[in-house]
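These notes concern the structure reproduced below.
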Amino acid sequence: MTPYDLRDPDVRRRRFRPIPVRMLVPNVITLLAICAGLTSIRLSIEGRMSLAVYAIVFAAALDGIDGRIARLIKGQSKFGAELDSLADFVNFGVAPGLMLYFWQLHELGNAGWIAAMVFAISGGLRLARFNATMDDPNKPAFAANFFTGVPAPAGAITVLLPIYVAFLDLGRTPAAVTAAYTLLIAFLMVSRLPVFSGKTKRMRVPPELVLPAFVAVIVFIALLIAYPWHVLSIGTVLYLLCLPLGYKSYRDQARAMEAATPAGGEVPSPPSAPTLTNLSEPPHDDDRPGRLH
């Protein structure tokens, strides 16, 4: 563009057109989540581990609403999708790994650092896989109701289970056990394990259950505030126990689809062994805003 072109008011309008506020709101929420994730790292360095965990939980809550708000107010953008991906890597990959290292894994020296680093890298690999396979046309229709591998926010919440147990006064787990558990969650994040998401299910509450539903949500939030370590520990254990159910549901639906397909038809095969090749991902993992083309 030449200086002469800049004198044209039409050119200036095209270059600096105003951006609707609705496009900014989801990005502001994502930036707040990044601030929470970075703050959790600082708090863990200072030894204030309980506040660091609260910051991660707060970041996970913000991550759960930014995509929904973007779709609700039609504020989706490619910029927002990329920003959300970077936020997830910081909040649910780097921050939990560093928290565990500063809390206990440093006792193992280089081995503890490797465990923390593998978890952070696994979070980045999972997000990169999602970006690369977002528009895969070969997925079966029912696969949209499943995550491929444990989602990043859930991985961050579950990997902190040793910290929850320590705050319950049940004693610290040995550092080697914490490192092995960290590597296990990292493996689940990059695996091809189908994890039920429930996003394509339209959940409707009958009119007579609206008020009880509000009460249930309030009770849950109150319990989380009053007994955070009990709620987080129980929720983490139940989540891990439910993972085989998601895998079984995926296999059952895949077999039913294969049985209903005529001979010679192409049937997408369900995941077998965890690998990083031939990956597929549902279109809206982790509630990230959709890309605009």
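Heads up: numbering here begins at 1 and tracks the sequence.
With rounding to the nearest 0.5 Å, the separation of NZ in Lys78 from CG in Leu83 is 14.0 Å. Atom CG of Asn110 is separated from atom CG of Leu105 by 12.5 Å, given to the nearest 0.5 angstrom. To the nearest 0.5 Å, the span separating CE on Met99 from CG on Leu160 amounts to 5.0 Å. Distance check, rounded to the nearest 0.5 Å: OG1 of Thr158 to CG of Leu188 gives 8.0 Å.
Applying the salt bridge (charged side-chain N to carboxylate O under 4.0 Å, His left out) definition to pairs two or more places apart or across chains, none involves residues 158-171. Identified under the salt bridge (charged side-chain N to carboxylate O under 4.0 Å, His left out) test for residues 220-245, with sequence neighbours left out: none. For the salt bridge (charged side-chain N to carboxylate O under 4.0 Å, His left out) condition, no pair includes a residue of residues 89-104, sequence neighbours left out.
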Can Phe167 and Ser50 be said to form a side chain to side chain contact (heavy atoms under 4.5 Å, CB included), step by step?
-> CA-CA 8 Å; Phe167 279 115; Ser50 60; 4.0 Å; yes
Side chain to side chain contact (heavy atoms under 4.5 Å, CB included) between Leu193 and Phe187, intermediate numbers included = CA-CA 10 Å; Leu193 177 70; Phe187 172 77; over 6 Å; no
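No donor-acceptor pair under 3.5 Å is formed between the side chain of Arg192 and the backbone N or O of Thr148. Listed for the Ser85 side chain is no donor-acceptor partner under 3.5 Å among the backbone atoms of Glu82. Without hydrogens or angle criteria, Asn91 side chain to Ala87 main chain gives a donor-acceptor distance under 3.5 Å.
Pairing each heavy atom of Phe119 with each of Gly155, the nearest pair is CZ-O, 3.8 Å. Smallest separation of non-hydrogen atoms from Ala120 and Phe89: O-CE1, 3.3 Å. Here the shortest heavy-atom pairing between Trp103 and Ala166 reads CZ2-CB, 3.6 Å. The two residues Gly171 and Val165 come nearest to each other via the heavy atoms O-CG1, 4.1 Å. Contact between Leu108 and Ala179 at its shortest, heavy atoms only, is CD1-CB, 3.7 Å.
For Thr173, the side-chain hydrogen bond (donor to acceptor under 3.5 Å, both in side chains) partners at least two apart in sequence or on another chain are Thr178. With sequence neighbours left out, the side chain to side chain contact (heavy atoms under 4.5 Å, CB included) criterion links Phe214 to Val210, Leu211. With sequence neighbours left out, the ring-ring contact (aromatic ring centres under 6.0 Å, His included) criterion links Tyr54 to Trp229. Judged as a salt bridge (charged side-chain N to carboxylate O under 4.0 Å, His left out), and not counting sequence neighbours, the contacts of Glu107 are Arg172. Take Val219 and apply the side chain to side chain contact (heavy atoms under 4.5 Å, CB included) test, not counting sequence neighbours, and it matches Val215, Leu223. The side chain to side chain contact (heavy atoms under 4.5 Å, CB included) check on His106 picks up Tyr101, with sequence neighbours excluded.
For the pair Tyr164 and His230, the minimum side-chain heavy-atom distance is 4.5 Å or more. Contact of the Val53 side chain with the Leu232 side chain is registered, since non-hydrogen atoms from C-beta on lie closer than 4.5 Å. Proximity of Leu168 to Ser233: side-chain heavy atoms (C-beta onward) are separated by under 4.5 Å at one or more points. No side-chain heavy atom of Ile185 sits under 4.5 Å from any side-chain heavy atom of Val150. The shortest distance between side-chain heavy atoms of Val231 and Phe220 falls below 4.5 Å. Side-chain contact between Asp84 and Phe79: absent, with no pair of heavy atoms (C-beta onward) separated by less than 4.5 Å. The closest side-chain heavy-atom distance from Ile121 to Met117 is below 4.5 Å.
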Side-chain donor-acceptor pairs of residues 25-48 under 3.5 Å, sequence neighbours excluded:
| unit_1 | atom_1 | unit_2 | atom_2 | d |
| --- | --- | --- | --- | --- |
| Asn27 | ND2 | Met23 | O | 3.1 |
| Thr30 | OG1 | Pro26 | O | 3.0 |
| Thr30 | OG1 | Asp66 | OD2 | 3.0 |
| Thr39 | OG1 | Cys35 | O | 2.6 |
| Ser40 | OG | Gly37 | O | 2.5 |
| Arg42 | NE | Glu46 | OE2 | 2.8 |
| Arg42 | NH2 | Glu46 | OE2 | 3.4 |
| Ser44 | OG | Ser40 | O | 3.2 |
| Ser44 | OG | Ile41 | O | 2.7 |
| Glu46 | OE1 | Arg48 | NE | 3.2 |
| Glu46 | OE1 | Arg48 | NH2 | 2.5 |

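Members clustered with Leu183: Ile114, Val118, by chain and number, using a 4.5 Å side-chain heavy-atom cutoff among hydrophobic residues. Grouping Ile, Leu, Val, Met, Phe, Trp and Tyr by side-chain contacts under 4.5 Å, direct or through others, puts Ile234 with Leu238.
In the hydrophobic clustering of ILVMFWY residues, with side-chain heavy atoms under 4.5 Å counting as a link, Leu86 and Ile65 come out apart. Transitive grouping of hydrophobic side chains (ILVMFWY, heavy atoms separated by less than 4.5 Å) keeps Tyr247 and Leu245 in distinct clusters. Linking Ile, Leu, Val, Met, Phe, Trp and Tyr whenever their side-chain heavy atoms come within less than 4.5 Å leaves Val177 and Leu184 in two separate clusters. Hydrophobic clustering, with ILVMFWY side chains joined whenever heavy atoms are under 4.5 angstrom apart, keeps Phe92 apart from Tyr239.
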